Amino acid sequence: MDINEFLLGASVWVLPVLLAVTLHEAAHAYAARLLGDDTASKLGRVSLNPAKHIDPFGTILLPSMLIFIGSPFVLGWAKPVPVVFGRLNNPKRDMIFVALAGPASNILIALIAAFGFAVFGLVPDIASDWVGQNLENAIKINLMLAVFNMLPIPPLDGGRVLTGLLPTSLAIPFSRLEKYGMIILIGLIFVLPMIGRQIGMDLNLISYVIIKSIHAMLPFFQAIANLNII
């Protein structure tokens with residue numbers, strides 16, 4: 001991909017990615033505040049200001065890399081919201097609700113983007129293609145983030161949900177994997193597929209899970225938006 005193609009692709013991904021990761025983290029912070037822990041709230045994380053949530057690697061570098069290499073999916077994340085689980089009203093139960101708030105916000109944004117096509121005819125012709133691509137990408141990125149974050153790997157939301165569901169005897173050792181979470185994710189997203197290419201096998205497991213999951217959900221969103229996505 002040359003620089004012009006990259007810039008064109010980036011121009012229709014910037015807003016969807018920023019909104020997706022910003023509202024995802026703000027939802028975590030808001031849920032934590034509602035359930036008894038105002039740590040993130042005091043740090044200004046219950047905010048729609050992207051600057052409060054941007055992570056240089058997860059919000060900017062990783063999505064840019066995936067767009068540049070022509071990845072079949074685009075992922076990103078913002079700075080994790082600090083939650084003191086011991087301050088929640090019911091720590092083991094409420095950590096599940098706090099974790100689910102992020103992916104739930106992404107599903108909601110995808111729904112709003114799908115409904116956005118209902119008023120698409122009001123967009124001036126000169127901007128219709130750009131707005132349409134932004135709406136389509138908003139659906140895709142938010143579904144991708146919802147699925148990705150629900151993978152049962154700490155520190156992803158799915159890992160937190162699983163920790164809350166497991167009995168304490170299993171939850172404690174499982175939660176200790178969180179400090180290795182970034183290494184595990186980098187291995188699954190980049191290293192394992194590279195190894196697979198060297199040995200002639202498709203080991204892009206993250207891509208497989210995300211794409212299969214999105215394709216299972218897309219008919220519902222396509223029916224709302226009345227268009228074909230992916």
Side-chain angles (χ1 to χ4, degrees), residues 6-34 40-41 43-68 71-83 98-120 122-124 127-151 155-158 210-211 213-214 217-218 220-222 224-227 229-230:
F6 170 73
L7 291 175
L8 178 61
S11 73
V12 295
W13 279 106
V14 170
L15 283 177
V17 169
L18 280 179
L19 282 174
V21 299
T22 295
L23 293 175
H24 181 105
E25 295 302 330
H28 283 315
Y30 182 66
R33 186 174 69 182
L34 284 179
S41 179
L43 293 174
R45 299 299 300 277
V46 183
S47 171
L48 300 183
N49 179 1
K52 297 283 187 179
H53 306 285
I54 286 176
D55 175 86
F57 179 76
T59 313
I60 300 172
L61 184 58
L62 178 60
S64 299
M65 288 170 57
L66 292 173
I67 293 171
F68 189 76
S71 171
F73 61 91
V74 177
L75 293 175
W77 58 78
K79 290 187 296 186
V81 165
V83 179
V98 172
L100 288 174
S105 73
N106 293 128
I107 297 296
L108 178 60
I109 298 169
L111 282 171
I112 293 172
F115 280 113
F117 281 96
V119 295
F120 188 62
L122 301 177
V123 178
S128 61
D129 286 345
W130 187 82
V131 172
Q133 288 183 62
N134 269 273
L135 290 174
E136 287 193 26
N137 288 341
I139 295 172
K140 290 190 284 188
I141 188 63
N142 279 284
L143 293 183
M144 289 175 192
L145 285 179
V147 173
F148 175 69
N149 276 284
M150 286 307 296
L151 294 175
L156 297 180
D157 299 324
I210 290 175
I211 291 174
S213 299
I214 290 174
M217 294 187 289
L218 270 179
F220 174 71
F221 291 88
Q222 288 174 332
I224 295 173
N226 193 28
L227 77 165
I229 303 171
I230 300 181

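Source: prediction; values computed, not measured.
The side-chain contact (heavy atoms from CB on, under 4.5 Å) search around D55 returns F57, T59, W77, K79, not counting sequence neighbours. Take L100 and apply the side-chain contact (heavy atoms from CB on, under 4.5 Å) test, not counting sequence neighbours, and it matches I96, M150, V161. With sequence neighbours left out, H53 forms a side chain to side chain donor-acceptor pair (under 3.5 Å) with R45.
Of all heavy-atom pairs between A26 and S47, the closest is CB-O, 3.4 Å. Closest approach of P50 and T22 over heavy atoms only: CA-OG1, 3.5 Å. Nearest heavy atoms, A40 versus V81: CB-CG1, 3.3 Å. Between K140 and I214, the shortest heavy-atom distance links the atoms O-CD1, 4.4 Å. Here the closest non-hydrogen pair linking I139 and F117 is CD1-CE1, 4.2 Å.
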Determine whether Q133 and E136 satisfy the following criterion, side chain to side chain contact (heavy atoms under 4.5 Å, CB included), listing intermediate values before the conclusion. CA-CA 5 Å; Q133 288 183 62; E136 287 193 26; 5.6 Å; no

If you apply the rule side chain to side chain contact (heavy atoms under 4.5 Å, CB included), what do you find for D129 with V12, and how did you get there? CA-CA 10 Å; D129 286 345; V12 295; over 6 Å; no

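Atom CG of L15 is separated from atom CG of N137 by 10.5 Å, given to the nearest 0.5 angstrom. In this structure, L151 CG and I210 CD1 are separated by 6.0 Å, a value rounded to the nearest 0.5 Å. Remark: W13 CH2 to I141 CD1 distance equals 5.5 Å, nearest 0.5 Å.
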Name the atoms and distances for all side-chain donor-acceptor pairs under 3.5 Å in residues 103-116, with sequence neighbours left out.
| residue | atom | partner | partner atom | Å |
| --- | --- | --- | --- | --- |
| S105 | OG | G102 | O | 2.6 |
| N106 | OD1 | H24 | ND1 | 2.7 |
| N106 | ND2 | A20 | O | 3.3 |
| N106 | ND2 | N142 | OD1 | 2.9 |

